[in-house]
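Structure first, then comments.
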Amino acid sequence: MKKGPVKIDKQDAVISIRGLYKSFDTVDVLMGMDLDLYKGENVVVLGRSGSGKSVLIKLIAGLLKPDKGTVKVTGEEVCQLNIKELEHLRLKIGFLYQDSALYDSMTVKENLEFPLVRNKRNLTRKEVDDEINKVLDNVGLSEVINQMPAELSGGQKKRIGIARTLILQPEIMLYDEPTAGLDPITCGDVIALINDVQQKYKTSSVIITHDLTCAKYTGDRIALIVDGKFRREGSFEEVFTTGDPEAKNFYDYNFIIDK
Amino acid sequence: MIYTVLLTDIMHVCRFIARFFSEVFRPPYEFREIAKQCYNIGYRSLTLVSLTGFITGIVFTKQSRPSLAAFGATSWLPGLISIALVRALAPLITSLIVAGKVGSNIGAELGSMKVTEQIEAMEVSATNPFKFLVVSRVLATTFMNPMLMLYMAFIGLVGAYVNVHMSEDTSFVAFFQHGFTSISFLDVFASVIKSMVYGFSIGIIGCYQGFNAEKGTQGVGKAANQAVVISMFLIFIEEMIIVQIVNQLRPS
């Protein structure tokens with residue numbers, strides 16, 4: 001499960017968040033958040049349920065608008081873009097939903113074809129099929145190509161969800177709880193796949209999780225959210241050896257297997 | 001308070017309709033999805049529409065016969081039934097069936113896609129969910145509803161003929177000739193147009209409810225239910241307005 005060496009360009013921030021605030025009705029979720037994601041890097045955002053982790057990546061993808069602050073993705077300020085520009089920016093972003101959000105009335109093949117044929121209209125039928133086979137091969141699930149999402153296991157759904165995002169060859173991956181609801185062995189497979197994607201596709205990723213095993217083995221950097229702000233940032237060891245009570249709490253309630 | 005909520009809802013629906021018209025003519029077009037929805041909405045409703053149309057024809061003829069027989073005017077039956085079916089019964093009954101069957105289906109399908117984040121997933125993969133899901137379905141209901149209406153009117157007349165034939169020795173051709181001479185081009189044209197209006201209402205309300213569903217499975221149920229109730233209510237309001245307009249156009 002250990003990661004291979006990755007090349008991180010600390011001069012090139014693909015995502016840059018400054019002073020981000022977001023609230024829903026009377027509930028303040030994000031309260032002045034700052035974060036940089038560098039090219040080639042996996043940043044794991046850890047936090048308790050309801051701490052605003054998913055809100056953060058939805059703000060990055062332009063699915064929500066911030067109350068205050070800026071989110072820049074590859075230099076473009078997300079909330080200033082019009083629909084066309086946002087669609088263009090989203091081609092650079094892959095988003096894996098917690099429940100995979102596969103289109104349940106389509107087969108696996110149609111799920112993968114859907115974004116591809118709509119964004120690369122000049123591809124021939126053979127090129128589309130080749131792309132689908134390649135990406136399914138990369139996630140190790142070529143055999144389920146004609147199955148419906150309802151026929152897949154939780155782990156398979158996550159892999160197909162990842163495949164659907166990879167088919168557009170994004171520069172940035174946003175993973176929302178990639179290991180939630182999976183057994184430990186399947187968790188390990190998904191973690192290996194996330195690292196594999198980083199290596200093969202040279203992606204930079206924000207990984208939202210509360211699973212410390214996932215955080216430890218996928219993150220080049222960990223950022224811990226407490227009360228709508230990042231409390232600690234650094235390597236896994238740096239974050240969890242500071243004696244911070246929230247970090248300690250988090251650590252104590254997770255079962256870490258050191259491999 | 002209730003008026004504010006109602007006004008806000010109407011404003012949101014108007015914005016939704018405006019978005020439909022801004023997207024419908026703009027490429028790329030989802031021809032495959034439109035064809036698929038036409039098949040689902042049109043072809044798959046045929047059995048229900050056939051059965052209802054046939055029964056409507058039989059029942060209406062059976063109910064009308066005694067009144068006409070009292071004046072010795074049973075020969076007017078084909079004309080009377082044709083007028084009733086083409087002008088009012090076929091557009092109304094077909095649209096109510098489509099609202100119940102298709103409207104609820106659209107509301108539930110899109111509602112379930114909304115609460116399971118499938119619509120958002122389309123958006124984030126740089127595709128336009130509105131064009132794929134809403135435009136295709138609204139176009140399909142708008143164009144399939146008049147086709148189903150015409151089909152239902154025909155099947156209703158066949159049902160009426162069967163009932164007439166059981167009491168009198170009338171030929172199929174004579175029955176239909178008499179029936180068709182009683183209706184004008186305006187009758188058929190007005191019915192086609194109003195069926196398109198009803199179909200549009202069914203599609204847009206179903207999609208709006210589904211697209212704005214929230215609060216999990218409860219929200220999906222509510223979206224399906226609201227899609228049927230509101231579109232049925234709208235159909236009656238529209239019927240009332242269109243009848244007034246057509247009557248103004250009809251030569252006295």
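The sequence lines fix the lettering, A, B, ..., with proteins before strands; numbering per chain opens at 1. Basis for what follows: all heavy atoms, side chains included, without hydrogens, waters or symmetry-related copies.
Chain A is approached within less than 4.5 Å, heavy atom to heavy atom, by no residue from residues 38-49 of chain B.
In this model, no donor atom of one side chain and acceptor atom of the other lie less than 3.5 Å apart for A/Y201 and A/D196. Judged purely by distance below 3.5 Å, without hydrogens or angles, the side chains of A/T186 and A/D183 pair a donor atom with an acceptor atom. If you check the side chains of B/N145 and B/S195, you find no donor sitting under 3.5 Å from an acceptor. The closest side-chain donor-acceptor pair between B/S50 and B/Y151 falls under 3.5 angstrom.
With a threshold of 4.5 angstrom between heavy atoms, A/L91 approaches chain B through its backbone and through its side chain. In this structure, chain B has a heavy atom under 4.5 Å from the side chain of A/Y97, while its backbone stays farther away. Within the 4.5 angstrom heavy-atom criterion, no atom of A/D99 approaches chain B. With a 4.5 Å cut-off on non-hydrogen atoms, A/L102 touches chain B through its backbone but not through its side chain.
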Derivation and outcome, ring-ring contact (aromatic ring centres under 6.0 Å, His included), residues A/Y175 and A/F95 = CA-CA 6 Å; A/Y175 297 95; A/F95 196 120; 9.6 Å; no

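Looking only at side-chain heavy atoms (C-beta outward), B/T127 and A/F114 come within less than 4.5 Å of each other. Here the side chains of A/V206 and A/E41 are not in contact, with every heavy-atom distance at 4.5 Å or above.
Salt-bridge annotation for B/E33 and B/R137: present, with a side-chain N of the basic residue lying under 4.0 Å from a carboxylate O of the acidic one.
The most heavy-atom pairs under 4.5 Å with chain A, out of B/E109, B/M122, B/E30, come from B/M122.
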